[in-house]
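Inspection log for the structure reproduced underneath, given as structure tokens.
Just so it is clear: chains get the letters A, B, ... in the order the sequence lines come, proteins before strands, and each one is counted from 1.
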Amino acid sequence: MVRGYGEMEDKWQKEWAAKGLDKAEPDGRPKFMIVFAYPGVSGYLHVGHMRGYTYADAIGRYKRMTGHNVLFPVGTHATGNGAVTLAHRIAKNDTGMIEYLKRNGCSDSKLDEIKDPLALVNFFNEVYVNDYWKRFGFLSDWRRFTCTLYPDYAKFMQWQFMKLNDASLLIQKPYFMPACTECGPVAVDPSETDISKGGNAETQEYTLLKFRCNDVFLIAATLRPETVYGQVNFWVNPDVEYAKVRKGNETWIVSQAAAKKLSYQKDDCKIIGTIKGKDMVGWMCEAPMIHRTVPVFPAAFCDPAVGTGLVTSVPSDAPDDWISLQEVKDDPNITKRYNLTKDQIDSAVPISIISMEGYGNFPAKDIIERMNIERSGDEKLIDAKKQVYKDGYHTGKMKDTCGKFAGLRVEDAKEKMKQEMIDSGEAETFHDLSEEVVCRCGCPVMIKRVDDQWFINYADEELTKRTSDHCKTMQIEPPEYKNNIHGVLNWFRERACVRQGNWLGTKFPYDEKWTIEAISDSTLYPIYYTISMYANSKQISPEQMNESFFDHVILGKGKVDEISKKTKISKELLQKIREEVQYWYPLDLNLGGKDHMTVHFPTFLFNHAAILPDDRLPKGIMVNWYITGKKSKISKSKGGAQPIPGAAEKFGVDALRLYYAHVASPFADVEWDEDIVMTYRQRLDRIITMAGELNSLTDAEKVSDIDKWLLSRCATHMSEIHKAMKSYDLRQMASESYFEMFNDMKWYVRRGGADYDTIRDSLKMWISSMSPITPHIAEELWNICNFDGLAAEYVFPETEKGDAGAEFGETLIRDVISDISQIIKVTKMDAKRVIIYTSQEWKKKVMSMALEMASSGKLDIPSLTKACMSDASLREHGKAVPELVKKFVTDMTRTSNDGRFALQKLNETEHLAAAAQFITSEIGIKAEVFSADDKGIYDPQNKSKMAIPGRPAIYIE
RNA sequence: GCUGGAGUAGCCAAGCCUGGUCAAAGGCGACAGACUCAAGAUCUGUUCGUGUAGGCGUUCGCCGGUUCGAAUCCGGUCUCCAGCACCA
């Protein structure tokens, strides 16, 4: 037997390929199409990623064995900036990254080559296919492999967007995105591909509040528009020179930096002059919404780089405002220097506006005291602000001081108040980055308004309804997600579908300056696997794959002759492709990780519903959770990850596959633990040994109870497997096959079973049941047993039902043995002899009468008693009868009667007598079996009368 | 906060929808024994408490309810996890 699995894996993989099991061609069988959400190309993957992929292969293999023609294509998703980032890090010699790549087996010459993003994508495509998926024995149709950067894929993608446009689902409206003032759009993300600083910055939406002051407006930027009812003054930084901006007919005052930012977002904006901050101190201006006149006070915390450099003051809820206001009030020097009047100072009295859990009337004051903050400028104010904002957002409710907004939750009030002020012209929105971002070229990155941004309108009511309705007909696992997905679909709004800048992807068909964004180009793609093969083999070229081509092969539009003329693709080939699309589609199952629940799966469904007819909409979704690592031990970014080929080498592919399938429900995270994988490896070793031993047991014995038992058990397990797999429950399948059936095989041998036919039949069931999850080992065992053909192409026969009587017989024997050992243990006696008395016949008669009444639902004490007493043979047993009747009726009406029905089919005495020798050997004490009806039996304590059917009496001495 | 999910014996993890056969599958670990020159090997038994006859008692986050009967159904409560968008 092979102990190093590598050779064996290789051998069978070659064999499957030689038999063409990996090639999927339409034929007369029912079809089953399964995909996993293709991975993004972002470097080497780790052992955790293989979990979901393995599920897909195992499900596909199972389906094949139930007579389906299975298409399981794979691909990669290289859109976005993942590959660009990685190539860039290699190019600039990022040591951590280089080390990581090398540890995964990347050679120096390769490293040099993959500094180019496209070369990098091609390289990893090979790695994923050869080192991961093929290595794991996947029966995927490799001819159909596709990558989102392939030119033919791009043609498909462009067609998809034309169809979305035809369905009026593409809309254009303004959008705010980060852009370098020189280079244009950039990606702001932690990998900092495009930028040299500020990768963690987020785009924030500020509300600009307009404070009228005679003929100018002081513009404050706030993230908390819901606090306007608490405004009592206004802050300027006296040491900053502000800009006067001509905005339409109005004159705005903002910081000079803000003026520049505004010009990227607002039309008709022009700097017309400057004004010193200190000159504005002491002004009176009218606050928006509350229309109250408030004074302008000086404050150093107003940063010209943040927002507009001007701040509205809500001391009740903003720690900065509270502390600065106290300082203005307490410091006579300030009053004097800026000529502030006593009325102005006295008018600024904090107003309590929000009630929050864990805070009093003035949350800002509370947090300042709690954190021991004593003066403005204290670093702790940053945290204080964050904390009070967060708590306010989650737990806050608007108080009665907030007019018609009283009683609203902060979360809701925020939107409503902002909108009302925008509608009345007292406010506008403004986008800014949360921290400074600098482009690779050294220029600042700002938020720029783009007027012609394209969106897919997932908010469309008709589309949402169609998609949501379709979901009800789908098989979605886990069921909780099936319930939840409607909420997710409703929650979707318009989604930006294209972007500009340094990103890989397909050009937007209506405007080539745009690249189709990464989520949007991975929604309808499973259908492309039915076509990709023809592009890969160069039977069709990307140029030929125009709108009418896809219209025809996917939607059946147009006459084949005309399409053929237009595309220069032969009529026959067009027909073949069209037939293939129709044969394979709809997709039967899309499998993806839990992170896809809120983005990929909904858009996958939306796009199908938007473009394809009812009978081509997907039929199933399955979500899998993750393999996690303690302290991210398996995460590639942290290093220390186990490379997949290394793990395959160390544990064997099948051990890993079994580990994924069985270690937990697919719908739970699992912590990666090599020791646990090793235990699965050991189990497989044991199974191999056991199967080999069974196969060599060829003594033809006469068929006995235990043979019937084993065949019945196997049949029952097989039917459990089929039942479980209706909901793709691989764990249950693994449990039946690798644990339950294994244990039964052991028991069979222990009981002395050795019948050739029984062993052959049960081995066939057992080994075939292992083929989906551990295909290599199943194949090896199949071969050892000399079964016909390959295990992988074996088709499960119609399952026979188990024999409840035969199965119950063994349960009875185990129960008897367990009872005997228990008695011996409890009594601590030095037992020499065990006698087992089976029940008297008359009791069996009462039980069968009772069961008959129970199955027609008419079982009760009086009727059964009456029936028994009218039987002379029972009546003679006197008051033992009603006692037994009472017991039976109570038991039978309150517990399941399956076992009792099974018992009816069994001759208890004969069955136990046949097992007497076995019982003797198990307990190490001579055991004898008698029927309580036998005359002249040894029964010193008169135990035999205690026996009831299914519960023999036991006497030990 | 919103949406969804979870809390089961030393650990992992089934069961819960469809209440009773549930002291609760299976695995791991631990303990004991068998076989061995040896083995991260294999096999057997035990693994909540208690008990000189197969029993009894307590247990499935916590509190309460429905029921002849609840790990399972209902209400409440505490704790933990995930997602919350342009990021793949």
If you look at every strand shown and take non-hydrogen atoms under 4.0 Å, does [X] touch a base, only sugar-phosphate, or nothing?
| X | result |
| --- | --- |
| A:K825 | nothing |
| A:Y38 | nothing |
| A:S665 | sugar-phosphate |

Between [N] ([atom2]) and [X] ([atom1]): distance, integer Å:
| X | N | atom1 | atom2 | answer |
| --- | --- | --- | --- | --- |
| A:Q732 | B:rA13 | CD | C1' | 12 Å |
| A:R681 | B:rG40 | CZ | C1' | 11 Å |
| A:I817 | B:rU44 | CD1 | C1' | 12 Å |
| A:D673 | B:rG40 | CG | P | 18 Å |
| A:N624 | B:rG5 | CG | P | 18 Å |
| A:I824 | B:rG45 | CD1 | P | 15 Å |
| A:L658 | B:rC12 | CG | P | 20 Å |

Span that lies between the [atom1] atom of [M] and that of [N], in whole angstrom:
| N | M | atom1 | value |
| --- | --- | --- | --- |
| B:rG65 | B:rU72 | P | 14 Å |
| B:rC11 | B:rC68 | P | 36 Å |
| B:rU47 | B:rU66 | C1' | 36 Å |
| B:rA32 | B:rG76 | C1' | 47 Å |
| B:rG57 | B:rA23 | C1' | 11 Å |
| B:rG40 | B:rG54 | C1' | 39 Å |
| B:rA6 | B:rA13 | P | 13 Å |
| B:rG75 | B:rC87 | C1' | 41 Å |

So is A:R499 actually on top of A:W454's ring, under 6.0 Å and inside 45° of the axis?
no
Using a cut-off of under 3.5 Å, enumerate the N/O to N/O pairs linking the protein to nucleotides 52-61 of chain B.
unit_1	atom_1	unit_2	atom_2	d
B:rA53	N6	A:I956	N	3.4
B:rA53	N6	A:I956	O	2.7
B:rA53	N1	A:I954	O	3.4
B:rA53	N1	A:I956	N	3.1
B:rG54	O2'	A:D819	OD1	2.9
B:rG54	N1	A:P952	O	3.1
B:rG54	N2	A:D819	OD2	2.7
B:rG54	N2	A:P952	O	3.2
B:rG54	N3	A:D819	OD2	3.0
B:rG54	N3	A:R951	NH2	3.2
B:rG55	OP1	A:R951	NH2	3.2

Please say whether more than 12 non-hydrogen atoms of neighbouring residues, nucleotides or ligands are located less than 6.0 Å from NZ in A:K397.
no
Classify the ring geometry between A:F455 and A:Y175 as parallel (under 30°), tilted (30 to 60°) or perpendicular (over 60°).
perpendicular
Going by the angle between their ring planes, with limits at 30° and 60°, are A:Y153 and A:Y38 parallel, tilted or perpendicular?
tilted
Find every protein N or O atom lying less than 3.5 Å from an N or O atom of nucleotides 34-38 of chain B, and list the pairs.
none

Heavy-atom side-chain contact between A:I627 and A:Y659 under 4.5 Å:
yes
What pairs of nitrogen or oxygen atoms, one from the protein and one from nucleotides 2-4 of chain B, lie under 3.5 Å apart?
unit_1	atom_1	unit_2	atom_2	d
B:rU3	O2'	A:N484	ND2	3.1

Watson-Crick or G-U wobble mate for [N], both contacts under 3.5 Å:
| N | result |
| --- | --- |
| B:rC37 | none |
| B:rC31 | B:rG45 |
| B:rA53 | none |
| B:rU18 | none |
| B:rU3 | B:rA82 |
| B:rA9 | none |

Return the set of residues passing salt bridge (charged side-chain N to carboxylate O under 4.0 Å, His left out) with [X] (not counting sequence neighbours), or none when no residue passes.
| X | answer |
| --- | --- |
| A:K414 | A:E226 |
| A:D939 | none |
| A:E494 | A:K173 |

Indicate for each nucleotide in nucleotides 80-88 of chain B, in 5' to 3' sequence, whether protein heavy atoms under 4.0 Å reach the base (B), only the sugar-phosphate (S), or nothing (-).
---SSBBBB
Where protein sits on nucleotides 22-33 of chain B, one letter per nucleotide: B base, S sugar-phosphate only, - none, heavy atoms under 4.0 Å
---SSSS-----
For nucleotides 70-73 of chain B, give me every protein contact, N/O to N/O, under 3.5 Å, one pair per line with atom names.
none

What are the two closest non-hydrogen atoms of A:A78 and A:T148, and how far apart are they?
N-OG1, 2.8 Å
Would you tell me if any nitrogen or oxygen in the side chain of A:R750 comes within less than 4.0 Å of OP1 or OP2 on B:rG45?
yes
Does anything in residues 739-752 of chain A form a salt bridge (charged side-chain N to carboxylate O under 4.0 Å, His left out)? List the pairs, not counting sequence neighbours.
A:R713-A:D744, A:R750-A:E922, A:R751-A:E810
Under the salt bridge (charged side-chain N to carboxylate O under 4.0 Å, His left out) definition, can you give me all pairs with a residue in residues 821-831 of chain A, not counting sequence neighbours?
A:D830-A:K832
Restricting to side-chain hydrogen bond (donor to acceptor under 3.5 Å, both in side chains), what partner residues turn up for A:Q500, sequence neighbours left out?
none
Give the intermediate values and the outcome of salt bridge (Lys or Arg N to Asp or Glu O under 4.0 Å) for residues A:E957 and A:R833.
CA-CA 6 Å; A:E957 64 176 19; A:R833 186 183 181 192; 3.8 Å; yes
